[in-house]
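Everything numeric in this text was worked out from a predicted model, so none of it was measured. Chain letters run A, B, ... following the sequence lines, proteins first, then strands; residues in each count from 1.
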Amino acid sequence: MTFLQLLPMLFVLAGVILYTVLAGADLGTGVWQLSTRDHDLRSRVYASIAPVWEANHVWLIFVLTVLWTSYPSVFAAVSITLVVPLFLAAVGLILRGTAYALHGASSGPDDHREIDAVFGLSSVFTPFALGAVVGAIASGQVPPGGGGDQWSSWLNPTSILVGVLAVVLGAYLAAVQLSADAVRVGDAAAAAAFRRRALASGALAGAVAVGGLAVVHADAPRLFRGLTHGAGLACVIVSVLLGLVALGMVWRRRLDPARYAAGAAIAAIVAGWAVAQRPDVLPGLTVAEAAAPTSTLVAVVVAVVAGGMIVFPSLGLLFGLVLRGRLDRPRRAETTAVRAGRRNRAGLLGRIALACFVAGAGFTVFGPAPALLAVGIVLLLVAAPLGFLAAVPPAPPEPVADAEQSG
Amino acid sequence: MGQAIRREAVVGGIAALAAVDQHYLDQARQMQALSFTVHIPLVCFGMAFPVLVLFCEWTALRTGSEVHLTVARRWSRVMVALFAIGVVTGTILSFEMGLLWPHFTGTFGSVFGLGFAVEGFSFFVEAIFIGIYVYGWDRLSPRWHLASGIPIAITGVTGSFMVISVNGWMNHPQGFRIVDGRVTDVHPVRALFANTFMWHEFVHMYLASFMVSGFVLAACYAVALLRGNTSRYVRVALTVPLTAAAVAAPVQVLVGDWAARTVAEHQPVKLAALEGLGHTTTGAPVHVGGWYSDGEVHFGLPIPRLLSILAAHDPNATVRGLSSFPADVLPPVNVVRLAFQTMVGLGLAMALLAVCYLWVRFRRGRAPHSPWFYRAVVLAGPAAVTALIAGWVTTEVGRQPWVVYGVMRTEDAVTGASGIPVGYGVLVVVYAGCAAAVWWILRRLAGKPFPERPSQVPEEVGSP
Ligand code: HDD
Ligand code: HEM
Ligand code: HEM
């Protein structure tokens, strides 16, 4: 196996970790949504995930696209065998996304009982289904050529265990995050409420994980051996320790560091899973065998690295703004710049736009050579915005009162 | 060595599965079509709406116009809601790539997957800046706020560029070879981005996004106007999108002509299906309306020589007819033809409306007065969406029976999973439920205007 063949798989695993930590927390908020009738707590839940919701979910797209580009046959085999849980997860995501968008559009305390219920329920079964998919892959239920059983492949003890674990872990991460957010906006009652929930769900997550080892021992001996020997064992131990550290931090109200520690614990267990089943992705199919041709792998790596150089600074900006609370409080409204006396250039612009349009039309329709056709298209694409600027009515400052009327 | 053989066995295994099990091809197609029909109009808003919102904010900054600021604020909330639904419907499509067409993705993922991977990054950046933009009103300085919206507009374009490069590749595959049923010699960058088929699709789709967002928004406010609300808010919120759609519409017709010529060059079967041309003809006509059967169009209104003129700019050009192709590579002619005629008819009608509007604006320096004009605008909203879907039906159904044109047939790509009809039913119910919910909430919103200024919403701070 060359490093190039492995590298995209590392990207995929990193994506899985980030999705579990970021989107897991965000899905977990739905569990707390279900657990309370208190309207204030509920709106806190939506408010806390609002700015980061979309960004968190793109990690899933990242995982899927890198997987199907770099290891197409693995993607195909997983989709064929695990069609049911994947479809359930997809439906859950539609329901949840729509509920979330609807919440954004509605307002007031009585507006969204039903919406909240849909949001909460889909927030539970989506991570369960995705966890079950991971469990099925980890326990070797997905044959490389497709054709695994559509039900027993994911309704077996290990898959169910991982599904439940995904739900509980998400709830735990969410509670920590919600508590930290409440502290930041100075809401002590909510902070305490969510801290209690964080401690309870954290303890539960730990119990499920450790108790789960017994299930894995009975159900997926190969995975168990991987997780209890060598590097796999090291990962498990690190994960347990980090999990304990995280819980301790929640106990001592050090909430933001607790999030990182919990994230690291999850990263360690995912790494443990990868180590445990190496070098196979699916039973009898190694990473090297599944990898796409070199030219594709190079292109993927270049794309991911270049994309990362854009995405990570942007993400840093977003999380920076959120964590510093910049998106919580309005700053003092600044007066907007008023530059009066704009010359009316509409007539001239309009004529230029028309000229570009006519010339562009001529080149596009009659241009004999591809180069002229290209010129024509460019002219047309210049004509459109110019025409827009010329035709859209100018906006002189007007009395404010009028603007308050609604449509 | 041994590895290569094992891999071949796996790919071969997948292909073998396809051969036995394809009972659910039709349901899978309809499921795919349904998901696209939901996703594509939404992504039009992802591409064009940020530009309109930014234009309003920019105008407000430049001139101090409060109305434009109110419009931009209100629209930015709609934008984020539509974006959220665009994200989930897009995620469904990503799942369906595997759930419905595993053999397509499994065989060619290494060739076209790159496009979706880059698209993913693009939407990533879009999602990040949408978060900053929409939740940053009054939290960032006006200039930085405006600047934070620019990446949204750019990434909407790059994202759709990537998806369309994949579609262009499916219609005009290149950048790989098939040796003994295996894909080798893969050059993903060349396959996707050196492809001559994608450019017309990209430009045509980008303009379509402005027509769809522009006319749909304008239609909403035209309803308000017709009901007697002539506030400045409504007038601004009507004219900005209407103008954007109006400048795109005439250009769209010319770009459509370019699209048709490219199709004539690369996919002669599709061109013959667009017109329903049964036999190879010199000086081929176009029939408006009618029904294709037995090699000719019945009850259509013929326009002599038009097809030759459109396809080759020569009234005497020879156009290949459907009968000159083997029967097993013909797409369903009537579906393609009807879709194409719908798109062209609606496109011409909207272009006419646009020219009327621009004429009044430039000649008289004002918006049209006639209520009939605004009634037409109300119709243009659904018309644009219909033309959009019809256009994609033309492209996609016109490509049938191939999923990768000339290389892989759709029936060889489809999954063998037995639950497809159930999945299809569930998806229909879920989408219908979501549509009903969105409708309900929009009605409620229209009934009670919500406060705009943050000073009036202390308890809802930070929520959309
Ligand atoms: C608002 C939408 C809209 C409007 C008004 C038009 N189109 Fe269109 N058309 C599309 C939206 C669209 C589309 C949905 O965006 C498609 C699907 C694939 C593509 O590239 O663009 C498309 C495809 C498409 C194709 C097939 C391209 C292919 O298979 O690659 C042709 C030949 C045309 N169009 C031609 C026209 C003509 C001659 C029009 C003149 C009136 C026209 N379109 C108006
Ligand atoms: C970027 C990529 C793609 C775009 C933009 C696209 C777009 C569309 C659209 C708009 C439709 C028709 C909608 C309707 O009938 O109402 C459609 C139909 C369809 N697409 Fe695609 N598609 C893409 C990729 C794919 C892929 C990857 C497949 C699968 C292998 C696929 C297979 C189909 C099939 C089978 C249909 C239904 C055709 C029929 O009804 O006969 N498309 N596509
Ligand atoms: C006509 C073809 C398509 C166009 C123009 C298009 C464009 C877009 C755009 C602009 C968005 C941004 C979301 C928004 O603004 O609402 C989006 C979202 C998305 N699209 Fe499409 N898309 C098309 C087809 C597809 C296909 C075939 C797939 C999948 C296989 C797909 C997958 C996605 C995904 C996964 C997202 C969500 C990205 C996110 O999480 O931000 N799209 N699409």
Open item on the list: Less than 4.5 Å apart, side chain to side chain, heavy atoms only: is that true for B/F112 and A/W68?
Closed with: yes
Task: Shortest non-hydrogen contact from A/I80 toward B/H103 - done: CD1-CE1, 4.0 Å
Open item on the list: Are the side chains of B/Y206 and A/L381 in contact, using a 4.5 Å heavy-atom criterion?
Closed with: no
Task: Region of A/L380 that comes under 4.5 Å of a non-hydrogen atom in chain B - done: both
Task: B/V88 versus A/G97, closest heavy-atom pair with distance - done: CG1-CA, 3.8 Å
TODO: Determine whether A/F357 and B/V251 make a side-chain contact, defined as any pair of heavy atoms from C-beta on separated by less than 4.5 Å.
DONE: yes
Open item on the list: Please find the pair of heavy atoms, one from A/A303 and one from B/L114, that lie closest to each other, and give the distance.
Closed with: CB-CD1, 3.9 Å
Open item on the list: Out of B/V422, B/V253, B/V247, return the one with the most heavy atom pairs under 4.5 angstrom to chain A.
Closed with: B/V247
Task: Close side-chain approach of A/L373 and B/W199, heavy atoms under 4.5 Å - done: no
- [ ] Could you tell me which portion of A/F388 (side chain, backbone, both or neither) has an atom closer than 4.5 angstrom to a non-hydrogen atom of chain B?
- [x] both
Open item on the list: Using a 4.5 angstrom heavy-atom cutoff, name the option from A/V74, A/V300, A/V304 with the most pairs to chain B.
Closed with: A/V304
TODO: Determine, step by step, whether B/F116 and A/T69 satisfy the side-chain contact (heavy atoms from CB on, under 4.5 Å) criterion, reporting the C-alpha distance in whole Å, the side-chain angles of both residues, the deciding distance to 0.1 Å, and the verdict.
DONE: CA-CA 8 Å; B/F116 285 123; A/T69 312; 5.8 Å; no
Open item on the list: Applying side-chain contact (heavy atoms from CB on, under 4.5 Å) to B/F55 and A/L389, what does each step give before you reach the verdict?
Closed with: CA-CA 10 Å; B/F55 174 78; A/L389 288 178; 3.8 Å; yes
Open item on the list: Once rounded to the nearest 0.5 Å, what's the spacing between atom CZ of A/F87 and atom CD1 of B/I92?
Closed with: 8.0 Å
Task: Criterion side-chain contact (heavy atoms from CB on, under 4.5 Å) against B/F95, the qualifying member of A/V83, A/L93, A/V91 - done: A/L93
Task: Taking every non-hydrogen atom, the tightest pair across A/T296 and B/S110 - done: OG1-O, 2.8 Å
Task: Most contacts with chain B, counted as non-hydrogen pairs under 4.5 angstrom, among A/L354, A/V66, A/L315 - done: A/L315
Task: Non-hydrogen side-chain atoms of A/I94 and B/L427 separated by less than 4.5 Å - done: yes
TODO: For each of A/I310, A/L60, A/I377, A/L386, tally heavy-atom pairs with chain B at distances under 4.5 Å, and name the one with the top tally.
DONE: A/I377
- [ ] Using non-hydrogen atoms and a 4.5 Å limit, figure out which bit of B/F210 sits close to chain A: side chain, backbone, both or neither.
- [x] neither
Task: Contact origin within B/V240 toward chain A - heavy atom pairs under 4.5 Å - done: both
Task: Any A/L64 side-chain heavy atom under 4.5 Å of B/S94 side chain - done: yes
TODO: Find the distance between CG (B/L254) and CG (A/L379) and round it off to the nearest 0.5 Å.
DONE: 12.0 Å
Open item on the list: For a 4.5 angstrom cut-off between non-hydrogen side-chain atoms, does A/T364 reach B/D257?
Closed with: no
Task: Heavy-atom pair count under 4.5 Å with chain A, highest-scoring of B/G433, B/P250, B/G115 - done: B/P250
Open item on the list: Can you confirm whether A/S314 sits close enough to B/F129 that some side-chain heavy atom of one is under 4.5 Å from a side-chain heavy atom of the other?
Closed with: yes
TODO: Could you tell me which non-hydrogen atom of B/T243 sits nearest to which non-hydrogen atom of A/A391, and how far apart they are?
DONE: CG2-CB, 3.5 Å
- [ ] Go through the atoms of B/P151 and report whether side chain, backbone, both or neither lie under 4.5 Å from a heavy atom of chain A.
- [x] neither
